[in-house]
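Below is one structure, written out as structure tokens; the observations come after it.
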Protein chains: 2
Amino acid sequence: MNIEPSLKKCPLFSGLEDGEIAELGGISISKRYPKGALIFSEDQEAKGFFVVISGRVKIYKLSPEGKEQILHIISPGQTFAEAALFDGSTYPAFAESLAETRVLYFPKESFVNLIRKNPQMSLNMIASLSHWLRKFVSLVEELSLKDVSARLSKYLMDLSAQSGRSSQRGIEFELDIRKSQLASQLGTISETLSRALRRLRDRGIIKVEGKKITILQKEALEEISLGIPL
Amino acid sequence: MNIEPSLKKCPLFSGLEDGEIAELGGISISKRYPKGALIFSEDQEAKGFFVVISGRVKIYKLSPEGKEQILHIISPGQTFAEAALFDGSTYPAFAESLAETRVLYFPKESFVNLIRKNPQMSLNMIASLSHWLRKFVSLVEELSLKDVSARLSKYLMDLSAQSGRSSQRGIEFELDIRKSQLASQLGTISETLSRALRRLRDRGIIKVEGKKITILQKEALEEISLGIPL
DNA sequence: CACTTGGTTTGATTTAGGTCAATTTTAGGT
DNA sequence: ACCTAAAATTGACCTAAATCAAACCAAGTG
């Protein structure tokens, strides 16, 4: 299968010439992982970074007691572990496929050479890292300053904005991950998430049918997401 | 006052020629803030970034109820708000001087021009952003997966490693910030921090005399910092 | 040197959210 | 469609940490 179209869609490689894209194709290695495969472990030596072509990958930390905090879920077109190549020599977290996943793997050395020669790619990398950074600032803020209901509401607002259809009842969309994974992304556990969803439902703010969510009162949900006590 | 020596010490500008350093001096603007001054606000348009020459700056978020989470405390030689120039157009947090502070301010446009022309600087920027990223991953991990005692112990271990003197009793050092600020950096409040310090003291793991800390049982402190229940 | 002011400590209490255990629901595999 | 196993929900309970309130301490000022 030809991978260049996938690379062109990737923000990290935007604005590159066709020749440069081809060169990228040359240094990358295609890999496939079944669902649930460990792509790399925390503290493992970082010998390259990844672009997701299809499937999904979760990046996460584990506590000694086994609690999981998902840092991000990577979708097709997105990259991960870029930063590990440039700071320290190990991956800072675990990466696991959430579904059958195809990635392109870029070995550190050849990619670093490429970036040294290519100013546009450097700038793209800077933009990509800056974007990650903003996401993490936001995650820290949420974990430290907001309660579970607020974090959940924010998540639902964001997801509805990107994949919601409006019906007469309200804005409908599907959760794109298991609720237990969502809990782990929001820095909590499934029991607590379940109760938070129920509180929103009981107040008539949302409707929950399995993975299908309908937002009935957008304004109320927004208020809660901003931390106004419910 | 001549600023070039300060710039040379800054990791973001390491490996640059003297001429390039001089050029940097040309585009930067020196600014002074008294203790407690607001350098910028969250959501304010990001028109430039900063290098701390002397003093200290805290970068922080506020919750609607006024609780503060310190993201980082910037010391001389370090930069802040670089990422804001490359992603979105606003600062993602507040910045306030903790003491009388001198900074160099680099206006966005001229700095971005410079970085476009200078590959070494791009690479330095990538390294700097990657480093920030790792710090934030670690902060998220701590907030989400570790209790206050573990976070505190980690902080004490780190600080002792960088500024501790060993005496016969143990490793001695001074807290470099107020305890209330430390609490806010650890994602908690001063009362809780005070109790956590007391627990460590009561177990004979540390000695606390005002800002002076002595680590009496390094191994025990390390264990707690790793999340082994105390 | 007394006085104010801000930081710190301590105690009593509340609460959000985690833990444990039991049930119900959902989803994948044969 | 059935069966098993995993996921989700619910209830009872517990715990870490926040809140509220008061006392305490240290530093700087008139």
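Just so it is clear: chains get the letters A, B, ... in the order the sequence lines come, proteins before strands, and each one is counted from 1.
- The structure places CD of B:Glu142 at 10.5 Å from CG of B:Leu152, a figure rounded to the nearest 0.5 Å.
- Partners of B:Phe49 under the ring pair (Phe, Tyr, Trp, His ring centres under 6.0 Å) rule, at least two apart in sequence or in another chain, are B:Phe106, B:Phe111.
- Base pairing analysis places C:dT30 opposite D:dA1; the two distances defining the Watson-Crick or G-U wobble pair are each below 3.5 Å.
- Between the P atom of D:dC20 and the CD atom of B:Glu65 lies a distance of 11 Å, rounded to the nearest Å.
- For the atom pair OG1 of B:Thr188 and CZ of B:Arg195, the computed distance is 9.5 Å after rounding to the nearest 0.5 Å.
- Other residues, nucleotides and ligands place more than 12 heavy atoms under 6.0 Å from the CZ atom of A:Arg165.
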Can you give me the N/O atom pairs linking the protein to nucleotides 13-18 of chain D at distances under 3.5 Å, or say none if there are none?
residue : atom : partner  : partner atom : Å
D:dA17  : OP1  : B:Val148 : N            : 2.9
D:dA18  : OP2  : B:Thr188 : OG1          : 2.5
D:dA18  : OP2  : B:Thr192 : OG1          : 2.8

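- Atom CG of A:Leu221 and atom CD1 of A:Ile205 lie 6.5 Å apart (nearest 0.5 Å).
- A heavy atom lying under 4.0 Å from DNA chain C marks the following residues of residues 170-180 of chain B, by number: B:Arg178, B:Lys179, B:Ser180.
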### Message
Base contacts versus sugar-phosphate-only contacts with protein, heavy atoms under 4.0 Å: please encode nucleotides 21-29 of chain D as B, S and - from 5' to 3'.
### Response
B--------
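- The nearest whole Å value for the distance from the CG atom in A:Leu182 to the C1' atom in D:dT9 is 15 Å.
- Between B:His72 and the choices B:Trp132, B:Phe80, B:Phe94, the ring-ring contact (aromatic ring centres under 6.0 Å, His included) rule is met once, by B:Trp132.
- Using a distance-only test at 3.5 Å, with no hydrogens or angles considered, no donor-acceptor pair links the side chain of B:Thr214 to the main chain of B:Gly170.
- Only one option out of B:Arg56, B:Lys35, B:Arg32 pairs with B:Glu100 in a side chain to side chain donor-acceptor pair (under 3.5 Å); it is B:Arg32.
- Atom NZ of A:Lys35 is separated from atom C1' of D:dA6 by 10 Å (rounded to the nearest Å).
- D:dA7 atom C1' lies 18 Å from atom CD of A:Glu209, rounded to whole Å.
- Not a single side chain to side chain donor-acceptor pair (under 3.5 Å) links B:Gln78 to another residue, sequence neighbours left out.
- Within the model, atoms OG of A:Ser163 and CD of A:Glu174 stand 8.5 Å from one another, a figure rounded to the nearest 0.5 Å.
- Rounded to whole Å, atom C1' of C:dG17 lies 15 Å from atom CD of A:Gln69.
- Within the structure, the side chain to side chain donor-acceptor pair (under 3.5 Å) test picks out the following pairs touching residues 84-96 of chain B (sequence neighbours left out): A:His131-B:Asp87, A:Arg134-B:Asp87, B:Tyr60-B:Glu96.
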